[in-house]
Amino acid sequence: MTPSRILGVVGVAGLTIGVLAGCVAKTPAAASDTFAVSASDTACDVSAATATSGTVAFEVTNSGSDVTEFYLLASDGLRIVGEAENIAPGASRTLTVVAQPGEYVTVCKPGMVGDGVGRAAFTVSGEKVQIDGPDAEQKQQAVDLYAAFVKDQVSQLVPQVDAFVTAYESGDDETARAAYPQVRAYYERIEPIAEALGDLDPRIDYREVDAVAEGLEWTGFHRIEKDLWVPAQDALNADGETPAWQDWAPSTTQERAAYGDQLIADVAELYDYVHSGQFEEVLDAQGVAGLSNGAIALLDEVATGKISGEEDWWSGTDLWDFAANVEGSKMAFSLVEEFAAGKGEDGAALVAEIDAGYAALEASLAAHGSLASGFVGYSALTDADKREFTDLINALAEPLSQLTVTVLD
């Protein structure tokens, strides 16, 4: 059920999508493999767990009481390979994809929010399907896949924020502190989307020093963070100058309710936007340049806040944000990777350099933990650790800066 505190009534419409990393393939229109998917409020049963590369169809029937969605995800569980949305109770929809060899994940999402149900492995074997088709169509499919990824992240953010706020407002600070970095990961993967919406990102994610500098009311994640990790009386804010307790005191119960409810409302606004026609129009207008620029913007987020420890100043959970930014950046890059690689030897070399840069950065992060198991606090990093991160980010940022012009060349 969609959380009543956040969402209104979800409209019902049918959708069939044929996608794979924005590519059209030399393959017949008829599906070589067809699978029945039984979706309910608690299950997502696919008739088989393996397929042969080529055109694959998933015939999804919803026997549950909620509108649902069906996803075919990449092995990381993040990148959306294909989706069938808004499947009403009692209705059926078909998702058709051109499946390349590899490991995938299937999942259904009753109510169209949360992590979903019945998550299962799905394997495609056989030979790689050769790419063909008009460039414009391929690029539009890449944009559509990014839109689907953003919607998925925000739909998972919604119930996570609701649970986090419930703990915060009730005074269960231990639960709220544990949830804080995990909840933020969904937001950090798609942060440039919210940043494009005027004052929405400032309301959700501004640090205190930024809000004060711009004369804005300070709300959102970081306002709550300071309540959960109350600073020492002699502590300084992230600017290294302003006393932490200057014009601030821990929130009362009533103030916690106000700040928590405001965060829920702001995330609801983000949800409404990414499910609107306006969002699709904006992405369509930006095209694949928007995807490559988004990959760059997310890496910039790491360089300008996370690497210095200024983002999550009180909790020290910057590495969670760091990792989520990198995941979001890499996902956006993956959708334009083939366009860049197809630009001759220089394009292929650029893609190889970017791939190596992500791998090195991910390996360095992994030495300090993971999003699943948790990271060390920022204070545990040595100066050498920080220099290593900085060097790796700079090494990746340079070839990424060439990505957009290469894709559009």
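Just so it is clear, the values below take in all heavy atoms, side chains as well, and ignore hydrogens, waters and symmetry mates.
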Q. Does a salt bridge link Lys151 with Glu280, judged by any charged N lying under 4.0 Å from a carboxylate O?
A.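 Glu280 and Lys151: salt-bridged.
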Q | Presence of salt bridge, Glu269 and Arg203, under 4.0 angstrom | A |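 So Arg203 pairs with Glu269 through a salt bridge.
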Quiz: residues 392-402 side-chain donor-acceptor pairs under 3.5 angstrom, not counting sequence neighbours:
unit_1	atom_1	unit_2	atom_2	d
Asn394	ND2	Thr390	O	3.3
Glu398	OE1	Gln402	NE2	3.3
Glu398	OE2	Gln402	NE2	2.7
Ser401	OG	Glu398	O	2.5

Q. Which word best sums up how the rings of Tyr358 and Phe333 line up, parallel for under 30°, tilted for 30 to 60°, or perpendicular for over 60°?
A.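 Geometry flag for Phe333 against Tyr358: tilted rings.
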Within the 4.5 Å heavy-atom criterion, are [X] and [Y] side-chain neighbours or not?
{"X": "Asp201", "Y": "Leu197", "value": "no"}
{"X": "Thr106", "Y": "Val37", "value": "no"}
{"X": "Asp383", "Y": "Lys386", "value": "yes"}
{"X": "Ile190", "Y": "Val274", "value": "no"}
{"X": "Val154", "Y": "Ile193", "value": "no"}
{"X": "Ser53", "Y": "Val124", "value": "yes"}
{"X": "Thr175", "Y": "Ser170", "value": "no"}
{"X": "Glu169", "Y": "Asp261", "value": "yes"}

Kindly say whether [Y] contributes a backbone atom to a donor-acceptor pair with the side chain of [X] at under 3.5 angstrom?
{"X": "Arg177", "Y": "Leu228", "value": "yes"}
{"X": "Arg256", "Y": "Tyr168", "value": "yes"}
{"X": "Gln182", "Y": "Leu371", "value": "yes"}
{"X": "Ser40", "Y": "Asn62", "value": "no"}
{"X": "Ser47", "Y": "Phe35", "value": "no"}
{"X": "Asp152", "Y": "Phe149", "value": "no"}
{"X": "Asp45", "Y": "Ser38", "value": "no"}
{"X": "Lys226", "Y": "Ala244", "value": "yes"}
{"X": "Asp227", "Y": "Pro250", "value": "no"}
{"X": "Asp266", "Y": "Ile204", "value": "no"}

Q) Step by step, would you call Gln160 with Asp115 a side-chain contact (heavy atoms from CB on, under 4.5 Å)? A) CA-CA 10 Å; Gln160 295 286 339; Asp115 292 330; 4.1 Å; yes
Tell me the closest heavy-atom pair linking [X] and [Y], and the distance in Å.
{"X": "Leu298", "Y": "Ser329", "answer": "CD1-N, 3.4 Å"}
{"X": "Leu145", "Y": "Gly82", "answer": "CD2-N, 4.5 Å"}
{"X": "Leu216", "Y": "Pro202", "answer": "CD1-CB, 4.1 Å"}
{"X": "Thr68", "Y": "Pro110", "answer": "OG1-N, 3.3 Å"}
{"X": "Ser292", "Y": "Val336", "answer": "CB-CG2, 4.3 Å"}
{"X": "Pro231", "Y": "Trp314", "answer": "CB-CZ3, 3.3 Å"}

If we count only N and O atoms by modelled type, under 3.5 Å, do the side chains of [X] and [Y] hold a donor and an acceptor together?
{"X": "Thr50", "Y": "Thr123", "value": "no"}
{"X": "Ser308", "Y": "Glu310", "value": "yes"}
{"X": "Glu388", "Y": "Ser364", "value": "yes"}
{"X": "Asp205", "Y": "Tyr187", "value": "no"}

Q: Give the intermediate values and the outcome of salt bridge (charged side-chain N to carboxylate O under 4.0 Å, His left out) for residues Lys306 and Glu191.
A: CA-CA 13 Å; Lys306 283 73 174 181; Glu191 188 171 5; 3.7 Å; yes
Calculate, to the nearest 0.5 Å, the distance between atoms [atom1] and [atom2] belonging to [X] and [Y] respectively.
{"X": "Leu403", "Y": "Glu353", "atom1": "CG", "atom2": "CD", "result": "11.5 Å"}
{"X": "Met331", "Y": "Leu291", "atom1": "CE", "atom2": "CG", "result": "7.5 Å"}
{"X": "Ile264", "Y": "Tyr271", "atom1": "CD1", "atom2": "OH", "result": "15.0 Å"}
{"X": "Leu283", "Y": "Gln278", "atom1": "CG", "atom2": "CD", "result": "11.0 Å"}
{"X": "His275", "Y": "Glu85", "atom1": "NE2", "atom2": "CD", "result": "6.5 Å"}
{"X": "Lys139", "Y": "Asp284", "atom1": "NZ", "atom2": "CG", "result": "14.0 Å"}

Q: Can you tell me which residue pairs pass the ring pair (Phe, Tyr, Trp, His ring centres under 6.0 Å) test with a partner in residues 197-231, sequence neighbours excluded?
A: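 Qualifying pairs: Tyr180-Trp229.
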Q | For Phe389, all residues meeting ring pair (Phe, Tyr, Trp, His ring centres under 6.0 Å), sequence neighbours excluded | A |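 Residues passing ring pair (Phe, Tyr, Trp, His ring centres under 6.0 Å) with Phe389: Phe322, His368.
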Q | Audit row: Tyr71, Arg119, side-chain contact (heavy atoms from CB on, under 4.5 Å) steps and yes/no | A | CA-CA 10 Å; Tyr71 289 90; Arg119 188 173 291 253; over 6 Å; no
Q. Which residue, Glu301, Glu311, Glu188, forms the side chain to side chain donor-acceptor pair (under 3.5 Å) with Asn325?
A.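 For Asn325, the side chain to side chain donor-acceptor pair (under 3.5 Å) test succeeds with only one of Glu301, Glu311, Glu188, which is Glu188.
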Q) Between Met112 and Ser155, does a side-chain contact (heavy atoms from CB on, under 4.5 Å) hold up when you go through it step by step? A) CA-CA 7 Å; Met112 302 198 298; Ser155 75; 5.9 Å; no
**Q.** Trp320/Arg184 under side-chain contact (heavy atoms from CB on, under 4.5 Å): CA gap, chis, key distance, verdict
**A.** CA-CA 8 Å; Trp320 277 264; Arg184 285 180 53 75; over 6 Å; no
